[in-house]
Amino acid sequence: MQERYNPAEIESRWQEQWEKDKVFRVVEDAEKPKYYLLEMFPYPSGRIHMGHVRNYSIGDVVARFKRLQGYNVLHPMGWDAFGMPAENAAIQHGTHPAAWTIENIANMRVQLKKMGLSYDWDRELATCTPDYYRWEQLIFLRMLEKGLAYKKSAAVNWCPSCETVLANEQVEDNCCWRCDSTVIQKELDQWFFRITAYAEELLAFTERLPGWPESVLTMQRNWIGRSQGCEIEFAVADQEQKIRVFTTRPDTLFGATFMSLAPEHPLAAALTTPERRGEVEAFIRRIQAVDRLQRTSDDFEKEGVFTGSCCINPVTGRQMPVYLANFVLMEYGTGAVMAVPTHDQRDFEFARKYALPLQVVIQPEGETLEPATMTGAWEGPGIMVNSGVFDGLDNETGKARIAEHLEQLGRGRRTVNFRLRDWLVSRQRYWGTPIPIIYCDACGALPVPEEQLPVVLPTDVSFTGEGGSPLARLESFVKTACPRCGGPARRETDTFDTFVESSWYFLRYACPDYGHGPVERAAVDYWMPVDQYIGGVEHAVMHLLYARFWPKVMRDLGMVGIDEPFTNLLTQGMVCMETRSCPEHGWLYPEEAAGERCSRCDAPVVVGRNEKMSKSKKNVIDPDGLIARYGADTARLFTLFAAPPEKGLEWNDQGVEGSSRFLHRVWRLVGEHFEVVCSAGAVDPAVLDESARNMRRQIHRTIRKVTDDIDGRFQFNTAIAAIMELVNGISGWPDKNRHPAVLREALETVVRLLGPFVPHIAEELWRELGHGDGLEAHGWPACDEAALAASSVLIVVQVNGKVRGKVTVPADADDQAVRETALADANVARFLEGLTVRKVVVVPGRLVSVVAE
RNA sequence: GCCGAAGUGGUGGAAUGGUAGACACGUCGGUCUCAAAAACCGAUGCCCUCCGGGCGUGCCGGUUCGAGUCCGGCCUUCGGUACCA
């Protein structure tokens, strides 16, 4: 055995062996229980970052652990390969998105392989290949047939100068990131998926996902935002038009004194009287220049404009002036709100600003509200007043009664409204899945016939960043024949949101080469659902909601048989680091800021906040350097040991040394004893002395702890700490040489427990300990309950809540005996002197708490 | 703004309502060495009148024999907020 631990040599040797033998390749096997472990696939940005290292190290521990437990483990990897950065690179550096992406994938694949991750690389997929997206196009056609995909108008961020659509992240302070022009909201005809048709089911199933973090489920429930309420029709005075509103507070209908519409409301123009037109149009223009987040925040000034028209309150007959208001959104409800200033804070502020009337209709218990003296709206419960026949009812009863009343009048009905909106999937970009639609002037919008799929993304395009999508300018792509009449027609040039690809890739992993449909039913039936999904907490709502939606659609299309794709979910925290910048040269990479001075101008660097590692702020650590210097095992061990997975991880180089030192120590410990150990026999518990029994107790306590920490809690940091304690215990065990069999059990346990975390060194040491076959053949070590038994326990004694003594009692002592021993302790007695004992609480095996005064 | 988290020594973190600080990093002292590195041993929350005791888990209050943990109210930081993925 080599004296010195040499990770570079060991790791490349094992990685080659794993690759050559395809040891992580899996096939369906009805004899074995399956376990599908999936980490969120990466966007191929060019280099892996510490967040990937963390995510994939966590996943690999679980994959290897489950394999050791005898599961048939599917552990795939692939590439979320469409997206904006490829297009930005094309605009900035002239590289083609496809070439850029393929090169990035090649680089990152090498990096991942250097980490020793146990993937079945035969299942690798990239979403930018026609073999993948052709099936996405097919599913879209099926959704179209079922009415689950449709087209409607929606607003986008538009830069008038670049003549292009901007992503939210490309808008800075309402200005275009490239040219600084003011961004406006522009209406475009766009494709949507009808996710709202699944709102009830997506919500209901949040109750059936016990393996998900409650915080994620709560966020999803709030995002879906189901609310029970009432749709009410308001007639417009002197016109045929009707305004429909949604309200959760029909009980306040008698207090509705005006109407607020979204500035984008389709009736806005029709209701505007000629003399108001100028002011109204100016207001609409102004609101379009404000982003939605700002518009709806509570501290944003409530503003509006009178249209000149009035509508009629269906129960009071009162004329209600119709306003356009900045805080009303077209996307929520019906885009119109009946304004009850006395019982809604936003309406209250609005009414005060524009001197609109207030009418109290709910009186809280023990108070009498007067419009003249109110300083805010009363949004709580109360008794109905000024509400005709409904006076005297409590408002909850009133909600139902007024709803019934409106239904009888034919002026309203009870409805359920969702905050969730349909999913806008059109992107006016090049690097994405082409939407398979053809537009014919004679026949309209038609699906591309199935046999013509895939609609392949052409590669002969040029990138300027201006003038809209490069696809739309490519004649050879746009010009086509109408599939119905054969006349000249145009192709759809929008591509899909990249969230579409990531909404079903986990299904495709079950059968990545299947050529007759999106998925092979038998393979999906065997592998799905994913048993454990692991990824960043930043995906808690959007990706994870879309990825729950698509399988449900595919189920209803008869393609899969599952309701939910992910049985268990682990959301990992982000890897963060302080930013460093130079007043002269901007953000600095860590190596440019060595010694806290800028490497270029020697100015003192400014140390910024701790933030998510990102290329743009240069607060990144390149895992390659780490692996080259310490080896993959150390890099894995450190990221796992530094913090529990859910927590954010602040990068700190110094900790890495510690992890490396530990592996060197384990190597030496085995090296010093492997000859003795290899010739040792099996442990005979009957002949052991106390020292050996104590050693065995620690061995088996550690097995139990590590098993529980990996399996139930994903607390890898404490699992590793426990193994470190065991190693410390073995090193300091004075009777090592008297008990070769126990020493062998101890060392073998360390190596086996380390296997999932640091597979290369563990496999190597396992062979050194004289085993001809691999770790996996021996499975996961079992905890011997008999070895755990201890003869005595330490009991802490508290007097009035403070620790005053510690006593050792036999493990089987009863409460009375424990109590007596505790009270007899010298220090305890000292603190009880002159006091009367009122109460003694005995917690078996733990503590005695004495209350005295 | 809204939704969801987090806050514990110099640092990362540990603690089924039961000894706060496991395990590491760092620092200090020591052993070995001509010297250094590596390795090993020891100390290390703060304070005091230091063989003992007091105070300590973001802040304020509450429940309990006992609260880092449970409850109420704040503060700060982070994530998401529908075209970043």
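Note that the structure is predicted; figures quoted are calculated from it, not measured.
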- Item | C1'-based separation of B:C70 from B:U16 [nearest Å] | 14 Å
- If we take the P atom in both B:G66 and B:C55, what is their distance in whole Å? 15 Å
- salt bridge (charged side-chain N to carboxylate O under 4.0 Å, His left out): which pairs involve residues 212-222 of chain A, sequence neighbours left out? A:Glu207-A:Arg221, A:Glu214-A:Arg221
- Have a look at A:His539 and say if it touches a base, only the backbone sugar-phosphate, or nothing, with a 4.0 Å heavy-atom cut-off. base
- Test item: A:Tyr132 side-chain N/O and A:Glu501 main-chain N/O as donor-acceptor pair under 3.5 Å: yes
Atom pairs and distances, donor-acceptor, side-chain atoms in residues 825-839 of chain A, under 3.5 Å, two or more places apart:
residue	atom	partner	partner atom	Å
A:Asp825	OD2	A:Asn827	N	3.3
A:Asp825	OD2	A:Val828	N	3.3
A:Asn827	OD1	A:Arg830	NE	3.2
A:Asn827	OD1	A:Arg830	NH2	3.3
A:Asn827	ND2	A:Arg804	O	2.7
A:Arg838	NE	A:Glu853	OE2	2.8
A:Arg838	NH2	A:Glu853	OE2	3.1

- Taking only side-chain nitrogens and oxygens of A:Asn800, does any of them come within less than 4.0 Å of OP1 or OP2 of B:C65? no
- Task: For nucleotides B:A15 and B:A67, find the distance between their C1' atoms and express it as a whole number of Å.
- Result: 13 Å
- Message: Measuring only the P atom in each nucleotide, how far is B:U27 from B:A38? A whole number of Å is fine.
- Response: 11 Å
- Query: Taking the side chain of A:Met542 as heavy atoms from C-beta outward, which of B:U81, B:C84, B:C3 is closest to it?
  - Reply: B:U81
- Task: Have a look at B:G9 and give me syn or anti from its glycosidic angle (syn if within 90° of zero).
- Result: syn
- Item | salt bridge (charged side-chain N to carboxylate O under 4.0 Å, His left out) against A:Arg429, all qualifying residues, sequence neighbours excluded | none
- Task: Establish, yes or no, whether a centroid distance under 6.0 Å links the rings of A:Tyr133 and A:Phe82.
- Result: yes
- Message: With a 4.0 Å cutoff (strictly under), does any side-chain N or O of A:Arg668 reach OP1 or OP2 of B:C40?
- Response: yes
- salt bridge (charged side-chain N to carboxylate O under 4.0 Å, His left out) involving A:Asp347 - partner list, sequence neighbours excluded: none
- Query: Between the base of B:C83 and the side chain of A:Glu169, is there a donor-acceptor distance below 3.5 Å?
  - Reply: no
- Which glycosidic conformation, syn or anti, is assigned to B:C25 if syn requires a torsion within 90° of zero? anti
- Message: Would you call the rings of A:Phe506 and A:Phe566 parallel, tilted or perpendicular, taking 30° and 60° as the class edges?
- Response: perpendicular
- Short side-chain N/O contact to B:A85 OP1/OP2 from A:Thr498, under 4.0 Å: yes
- Message: In whole Å, measure the gap between the P atoms of B:G7 and B:G17 for me.
- Response: 15 Å
Residues 534-549 of chain A side chain polar contacts: donor-acceptor under 3.5 Å, at least two apart:
residue	atom	partner	partner atom	Å
A:His543	NE2	A:Tyr533	OH	2.8
A:Arg548	NE	A:Glu564	OE1	2.9
A:Arg548	NE	A:Glu564	OE2	3.3
A:Arg548	NH1	A:Leu202	O	3.3
A:Arg548	NH1	A:Gln220	OE1	2.8
A:Arg548	NH2	A:Leu202	O	2.8
A:Arg548	NH2	A:Glu564	OE2	2.8

- So, is A:Arg661 close to the B:G26 phosphate, meaning a side-chain N or O under 4.0 Å from OP1 or OP2? yes
- Note on the structure: Sorted by chain and number, sequence neighbours left out, salt bridge (charged side-chain N to carboxylate O under 4.0 Å, His left out) with A:Lys151 holds for A:Glu492
- Message: Reading 5' to 3' and counting Watson-Crick or G-U wobble pairs with both distances under 3.5 Å, write the dot-bracket notation for RNA chain B, | for bases paired outside the strand.
- Response: (((((((..(((.....[....)))((((((.......))))))((((...))))..(((((..]....))))))))))))....
- Task: Write down the distance separating the P atoms in B:G42 and B:C25, rounded off to the nearest Å.
- Result: 14 Å
- State whether A:Arg421 places a side-chain N or O below 4.0 Å from either non-bridging phosphate oxygen (OP1 or OP2) of B:A82. no
Side chains of residues 795-803 of chain A: which donor-acceptor partners sit under 3.5 Å, not counting sequence neighbours?
residue	atom	partner	partner atom	Å
A:Asn800	OD1	A:Ala852	N	3.0
A:Asn800	ND2	A:Ala852	O	3.0

- Using side chain to side chain donor-acceptor pair (under 3.5 Å) as the criterion, list what pairs up with A:Trp158, not counting sequence neighbours. none
- Task: May I ask you to verify whether the side chain of A:Arg838 and the base of B:C65 hold a donor-acceptor pair under 3.5 Å?
- Result: no
- Query: Any donor and acceptor pair, going by atom type alone, linking the side chain of A:Ser659 with main-chain N or O of A:Thr634 inside 3.5 Å?
  - Reply: no
Under 3.5 Å, which donor-acceptor pairs link side chains of residues 710-720 of chain A to any protein atom two or more places apart or in another chain?
residue	atom	partner	partner atom	Å
A:Asp711	OD1	A:Lys66	NZ	3.1
A:Arg713	NE	A:Asp709	OD1	3.1
A:Arg713	NH2	A:Asp709	OD1	3.0
A:Thr718	OG1	A:Asp709	OD2	2.8
A:Thr718	OG1	A:Gln715	O	3.0

For nucleotides 49-56 of chain B, tabulate all protein N/O to nucleotide N/O atom pairs closer than 3.5 Å, reporting atom names and distance.
residue	atom	partner	partner atom	Å
B:G52	O3'	A:Arg830	NH2	2.9
B:G53	OP1	A:Arg830	NH2	2.6
B:G54	OP1	A:Arg804	NH2	3.1
B:G54	OP2	A:Arg804	NH1	3.4

- Message: Rounding to an integer number of angstrom, what distance separates B:G45 and B:A37 when you compare their P atoms?
- Response: 26 Å
- Message: I'd like to compare against my own output: the B/S/- annotation of nucleotides 11-23 of chain B with a strict under-4.0 Å heavy-atom distance to protein.
- Response: SBSSSB-BB--BB
